[in-house]
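The figures here come from the full heavy-atom set of this structure, side chains too, leaving out hydrogens, waters and symmetry mates. Remember, it's 1-based here, ligands and their atoms both numbered in the order they're listed.
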Amino acid sequence: MPHEAEKRAAARAALEYVPHDTVIGVGTGSTVAHFIDALGASDSRITRAVATSIDTQRRLRAVGISPITLELAEKPLALYIDGADEIDRLGHAIKGGGGAQTQEKRVAEASMMWVCIVDESKLVDHLGMRAPVPLEVGSGALAEAIAAASALGGSPELRPGAPADSGNPLVDVHGLDLSDPLRMEITLEAIPGVVACGIFARRRADVILIGRADGSVVTLAPSE
Ligand code: 5RP
């Protein structure tokens, strides 16, 4: 897997933000998988966490942490740890490469702090440089959602063989104008049938930990 050392470095650095004896939110993806391994091997005394996907539930259980639902957790959560497909220096992100953006957005918005863990390749000057915007689309609404995304100037592609954990289809939209990420997030989520899009602008990252090939980590704090 490319960028594994960078992902591992960012994931390990996130341990510094984890409070003892509390429930945290945990995202989805290969960088988060490194975080879960590091958390399991740490002395954090985290015993329960809100998971954003079936894969994350499984990984948490494997290190002795019980996944719980957001509904059962006391809110706001103190901390959310997750990766991104792209992130800019203001903390705007595109997520959903793993198809989990709907649950990730719920948990991120229910958390006081989001620490985003990425390798260097994910940091972009502006969103849309390397990743499409994923949409989770509700049952029966695929044709309308694809037409609406095209009308916004995007090139939508149905993601082959990869529905979200909910069973809903995922559509990756290339070529959208993301110069105003918040506006596009609101516009996409106003399309009837779209459950959630992968733009995270309403809820930006508070801290970005960028792992580098030499094992060092750069910290950006967009919310300061
Ligand atoms: C999953 C996500 C992930 O955070 C994103 O795809 C990055 O994944 P990885 O850490 O494997 O590069 O949004 O829905």
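- If you check the side chains of Gln103 and Ser53, you find no donor sitting under 3.5 Å from an acceptor.
- For the residue pair His34 and Glu4, a side-chain donor N or O sits within less than 3.5 Å of a side-chain acceptor on the partner.
- Across every non-hydrogen atom of Arg159 and Pro134, the tightest pair is NH2-CB, 3.6 Å.
- Side-chain contact check for Leu182 versus Asp180: some heavy-atom pair is nearer than 4.5 Å.
- Using a 4.5 Å heavy-atom cutoff, the side chains of Val50 and Tyr80 are not in contact.
- Taking a cutoff of 4.0 Å between a charged side-chain nitrogen and a carboxylate oxygen, Arg203 and Glu185 do not qualify as a salt bridge.
- Near ligand 1, Lys7, Thr28, Gly29, Ser30, Thr31, Asp82, Gly83, Ala84, Asp85, Lys95, Gly96, Gly97, Gly98, Gly99, Ala100, Glu104, Lys122 each place a heavy atom less than 4.0 angstrom from the ligand.
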